[in-house]
Amino acid sequence: MKWFFVLSLCLFGTSFGAETSAQSSGLLAKGTDSETPWYRIESGVEGPTFLLVGGMHGNEPAGAIAAGQIRHWPIVKGTLIVIPRANHLALDVKQRRFPGLSDDAGDLNRHFPRTGAEEKTLSPLAAEIWDFSKAIEPDWVVDLHEGFAVNRQNPKSVGSTILCDATDETLPLFEHSLAAVNASVDAPENLFRLLSNSRTANGSLVRASMDRLGATGAIFETTYTDQTLGVRVRQHRLMMHRLLTNLGMIENKPDDLIFENPETKVTNIGIYVGPGVGGFGPASLQETFTNLPDEFTSRIIGPVEVQNNSITQFDVLIFPGGSGGKQAAGLGERGRKNVRDFVHDGGSYLGICAGCYLACENFPWSLKILDAKTKSSKWRRGKEVLELGFTDAGKRIMKTDRDAAPVKYQNGPVMEPAESPDIPDFETLAIFNTEVALNKTPEGIQKGSPAILAGHYGKGRVIGISPHPEQTEGLTHLAPELIRWATTPGTADSTGLSR
Ligand SMILES: [Zn+2]
């Protein structure tokens, strides 16, 4: 991913108080492969300087995503500085270390000056981050990580812990963060632990900052095994939210009600990554939208945000691939109602593969916001590259001159009109020109049937995509084009899209 980022300083008034906060950003390791942005939010009110880091380890995405969300939080006291994707080379390949390097040589979080040793960093990126940290003179340094197992169940991992070396003064603050995250954990065996005399790893940024900069430091750890990304991102957010609230740096509002500065003019997208979501769809969607920063923001969310109805902050909800039935079960009755209400009140819905099953009409658990039903109960048709044929409406809306294009297909729904009296008819934007029919699924029903559908539900627009253009080279622009259409008022009415 390339970051086109220019050092910029923009001023904006916050909507909660007379103070004006200033936001600036820049690049670390500028011009190198490791180039990664930092963001600084100054409240204008004297208070702590807080450095928050995510993405030190590339196989621990929740911290990077949470830090990317937290940098949008309105700061009312002190200064928050965020490096959300410290090691983006490792994040891009989803590995702990720099690509091609093993052991501590590849581990960015072992590259900082060691306790008692001379002040030495072990990679150019670590040197940049360390110089940057020294210049900031942080009072606080918190680094967001993930472990492979819950520490309470398996002490070999530090998953689901707060690692710190607390003093009498800071211990209650960390205990508060612990209580805040544990209030969200249902299973007793998954509860977080506070490891208050942890001596964080020698060579880590947090330990170096405590040793040499006099900062209060901590590492917050979620657990990446058996917990969905949306849940883990929220856990990080809950710990940080309580800590920044206790420091007076943010106002005491619920953590999931501050996804986005209300003054931004971009289209805010929530990408659901809860139970029933799998594969690479969410990551490719986030990359697509991240590369269009003037137009879109995208936030990973889980079932709690849907059930709490925090989704009203978004313009668009995306339900990616996986299992429609499991997504529905994870959302629960209340979550499903909130999604229906969101669309009915004017929000846009984009469902891809499983998310398209979820939108349709004919399952007990489906949302019934798209007037389409599946032609057969046998869904395991196979995974293959099929040909997508664009209709005239599809060409216009998705701004393509092509008649057809190859597209990745993975057991997506094969649909026909459901003719429900309660849902307006959909229009077909693309059909399947070819088909796959493995595992004794019926032959002949997929070719010619709708592959991309657009409809209405209440005031909102609903798009269902059976295949995976978001994961198909050459078609990743379709999702942004469809969202542009769905969020532009007056481009459609209840009779369809033809005017
Ligand atoms: Zn880590």
Side-chain angles (χ1 to χ4, degrees), residues 28 34 36 51-70 82-115 121-123 125-126 129-130 133 140-165 174 177-178 181 190 192-195 198-210 215 217-229 231-240 243 283 300:
L28 295 164
S34 300
T36 194
L51 174 62
L52 174 67
V53 182
M56 279 277 193
H57 291 139
N59 61 336
E60 302 170 14
I65 292 169
Q69 297 184 354
I70 291 165
V82 186
I83 306 172
R85 293 170 57 83
N87 191 346
H88 86 85
L89 289 173
L91 284 164
D92 287 351
V93 295
K94 301 180 174 62
Q95 290 169 10
R96 180 180 175 91
R97 298 176 175 84
F98 284 107
L101 292 174
S102 56
D103 303 320
D104 281 0
D107 190 335
L108 177 59
N109 209 29
R110 301 293 180 272
H111 287 186
F112 296 93
R114 291 182 177 248
T115 304
T121 50
L122 299 183
S123 59
L125 178 58
I129 294 173
W130 182 242
S133 306
W140 286 81
V141 178
V142 171
D143 193 6
L144 306 182
H145 284 254
E146 300 202 81
F148 67 87
V150 176
N151 178 264
R152 198 174 278 273
Q153 300 174 32
N154 180 354
K156 285 184 182 155
S157 174
V158 287
S160 302
T161 62
I162 292 177
L163 299 166
C164 58
D165 292 282
F174 291 126
S177 285
L178 183 77
V181 69
N190 287 339
F192 281 61
R193 264 180 172 167
L194 182 65
L195 303 178
S198 67
R199 281 274 79 186
T200 43
N202 208 357
S204 67
L205 174 65
V206 164
R207 180 143 159 190
S209 303
M210 291 193 287
I219 294 181
F220 293 173
E221 297 262 1
T222 53
T223 300
Y224 55 71
T225 308
D226 295 334
Q227 299 192 78
T228 57
L229 192 56
V231 167
R232 287 141 51 202
V233 170
R234 179 163 192 260
Q235 289 174 341
H236 275 307
R237 236 172 37 225
L238 286 168
M239 291 187 275
M240 277 299 299
L243 181 55
I300 301 289

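For the numbers below, each heavy atom of this structure counts, side chains included, while hydrogens, waters and symmetry mates do not. In listed order, ligands and their atoms are each counted from 1.
Residues His236 and Thr222 come closest through the heavy atom pair NE2-OG1, 3.3 Å. Contact detail for Asn59 and Lys94: the closest heavy-atom pair is CB-O, 3.6 Å. The minimum heavy-atom distance between Cys164 and Gly217, with the atom names listed, is CB-O, 3.8 Å. Between Gly54 and Asp143, the shortest heavy-atom distance links the atoms N-OD1, 4.3 Å.
For a distance threshold of 2.8 Å, the protein N, O or S atoms nearer than that to the Zn ion (ligand 1), listed by chain and number, are His57 ND1, Glu60 OE1, Glu60 OE2, His145 ND1.
For residues 154-164, no pair satisfies salt bridge (Lys or Arg N to Asp or Glu O under 4.0 Å), with sequence neighbours left out.
Looking at Ser160 and Arg152, their side chains never bring a donor and an acceptor atom within 3.5 Å of each other.
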